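Written out below as structure tokens is the structure these notes cover.
Predicted model, so just to flag it, every value in this text is computed and none were measured. We count ligands from 1, going down the list as the structure has it; atoms in each ligand are counted the same way. Throughout, numbering of the chain's residues begins at 1 and tracks the sequence.
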Amino acid sequence: MFKKILIANRGEIALRVIRTCKEMGIKTVAVYSTADKDSLHVRFADEAVCIGAAPSRDSYLNIPRIIAAAEITNADAIHPGYGFLSENAEFSKICEEYKIKFIGASPEMINKMGDKATAKATMEEAGVPTVPGSKGLLKSLEDGKKIAAEMGYPVIVKATAGGGGKGMRIIKTEADFKKGWDDARQESGAAFGNDALYLEKYIEEPRHIEIQIIGDSDGRACHLSERDCSIQRRHQKLVEETPSPFITDELRDAMGKAAIKGAEAIGYEGAGTIEFLVDKHRNFYFMEMNTRIQVEHPITEEVTDFDLIKEQIKVAAGEKISGKNYYPKLFAMECRINAEDPSNGFRPSPGKIINLHLPGGKGVRIDSHVYAGYVIPPNYDSMIAKLIISGQTREEVIVRMKRALEEFVIDGIKTTIPFHIALLEDENFKAGNFTTKFLEDFDFSKIKK
Ligand code: ADP
């Protein structure tokens, strides 16, 4: 087992990894930017190294500085968390070269799955159903138009390097094709330095349902059931739950089997997520694979009694999985609390937290790095806490979530808490009746200020 793990991340996920390491008797090294010098991950780690200035490229994305920090502290493994370098093939390769175990996917695997068009082709070959679309990348605007005409509108053009909902456009008619194409290319070129696009049939009113998997170094994989992440704003998740109110036992089995088939076909090692779109007829299609731990992993932990970070570390150290699958024994839901103003178009609201009271009680878990007096730097993402609720039934979870949100006090900044309360009062949401389009039609004026 590893003796010391460096965590190449910040915020709640850095703390999350430190917690598991402590329970496993593994020493930890935090790295931080000057903007994060007062952060809890810096305080709670056994050692901490400042790696540069606030902009991510000078610190959390700066590979030479992170490797230097691992070398001087003698860390034998690096946990990348999510975002930043977690799906960076070059970083994974450099760790290999320096004989530091990267607790994540191999460079080959990241390359295969990071490029979304290639990932789709790989899964198709493995026999996993995928969204109908172009065979690989679009060669030109005309090529795209031709495929779209054959397939029928609406279609969606997507950046092969995409992530975080960026670089995709829905196109409803041929007359709109050029605009969608230009916008998606422009956005993906700016965000990812790669403007290559592929095209898919736009699945109308789908659910986003993903399967958590773990694979070991023998190439064996198991699944830990699904998470329903259909509550999204601008293709970004805001609420996740498990089990999905839409899924049947048969569908869970079929999707679980497909996910395992996909993971085993590429010999996937570590924790990963296979994301599917599910249409109203309960047909499911592979969308993409994430080769890292995800923000919403705690809901799976709450219903399966599993520590996913611990599993990641164990598999990285060479331990084998049992091979059995895990099914939800409870219900769980996560609300992402962001420093954003939901009554004002979700405008970022960084600043100082004056007063903080965290909810508690049965079935309440909070993963967060903030405290009273904490100043949220404007440089990083706006998520400041994850409120994770578990219970015996979905109804119990919703009641408990609302109770916990009402107990939550964060003074000094705006947060998404009022949005979540309004959502939990929505009759369709309560009935489990929603798709990824749900928030497009949501009445945001219902949100109490
Ligand atoms: P990213 O990697 O940027 O998160 P994804 O490929 O995971 O992008 O897609 C994000 C979201 O966009 C999905 O959860 C879904 O809501 C929507 N989406 C993507 N592809 C399609 C499609 N073919 N049809 C309908 N919606 C889609």
Discussion item. What protein heavy atom lies closest to atom 3 (O) of ligand 1? Include the residue and the distance to one decimal.
Written reply: Gly165 N, 2.6 Å
Practice prompt. Pick whichever of Met168, His208, His235, Gln232 has a heavy atom sitting closest to atom 16 (O) of ligand 1.
Written response: Gln232
Discussion item. Out of Lys120, Arg234, Lys158, who is nearest to atom 19 (C) of ligand 1 when you count heavy atoms only?
Written reply: Lys158
Response to the item:
For Glu275, the ligand 1 atoms with a heavy-atom partner under 4.0 Å come out as 7 (O)
Taking only distance into account, with no hydrogens and no angle test, what donor-acceptor pairs under 3.5 Å do side-chain atoms of residues 340-350 form with protein atoms, sequence neighbours excluded?
from, atom 1, to, atom 2, distance (Å)
Glu340, OE2, Ser382, OG, 2.7
Asp341, OD1, Ser343, N, 3.0
Ser349, OG, Lys414, N, 3.0

Worksheet item: Quick one: do Asp182 and Lys178 make a salt bridge, cutoff under 4.0 Å?
Response: yes
Item to complete: Would you please determine whether Lys201 falls within less than 4.0 Å of ligand 1 on a heavy-atom basis?
Response: yes
Worksheet item: Under a 4.5 Å cut-off applied to non-hydrogen side-chain atoms, are Arg282 and Thr248 in contact?
Response: yes
Worksheet item: Which residue pairs pass the side-chain hydrogen bond (donor to acceptor under 3.5 Å, both in side chains) test with at least one member in residues 125-153, sequence neighbours excluded?
Response: Glu124-Thr130
Fill in: Nitrogen or oxygen of Met287 less than 3.5 angstrom from that of ligand 1
no
Worksheet item: Considering Ile203, Leu277, Val155, which one's heavy-atom position lies nearest to atom 21 (C) of ligand 1?
Response: Leu277
Worksheet entry | Thr436: numbered ligand 1 atoms lying under 4.0 Å from its heavy atoms | 16 (O)
Worksheet item: Relative to Tyr327, does Lys324 satisfy both conditions: NZ or CZ under 6.0 angstrom from the six-membered ring centre, and within 45 degrees of the ring's axis?
Response: no
Worksheet item: Do NZ/NE/NH1/NH2 and the carboxylate oxygens of Arg227 and Glu241 come within less than 4.0 Å?
Response: no
Worksheet item: Under a 4.0 Å N-O cut-off, is there an ion pair linking Arg292 with Glu87?
Response: yes
Discussion item. Side chain, backbone, both or neither: which applies to Ile156 and ligand 1 if a contact is any heavy-atom pair less than 4.0 Å apart?
Written reply: side chain
Worksheet item: Among protein heavy atoms, which sits nearest to atom 7 (O) of ligand 1, and what does the distance come to when rounded to 0.1 Å?
Response: Glu288 OE2, 2.8 Å
Worksheet item: Would you call Arg16-Glu12 a salt bridge at under 4.0 Å N-O?
Response: no
Worksheet item: For Lys116, is the nearest heavy atom under 4.0 Å from an atom of ligand 1?
Response: yes
Fill in: Nearest protein heavy atom with distance in Å, relative to atom 26 (N) of ligand 1
Tyr202 CE1, 3.5 Å
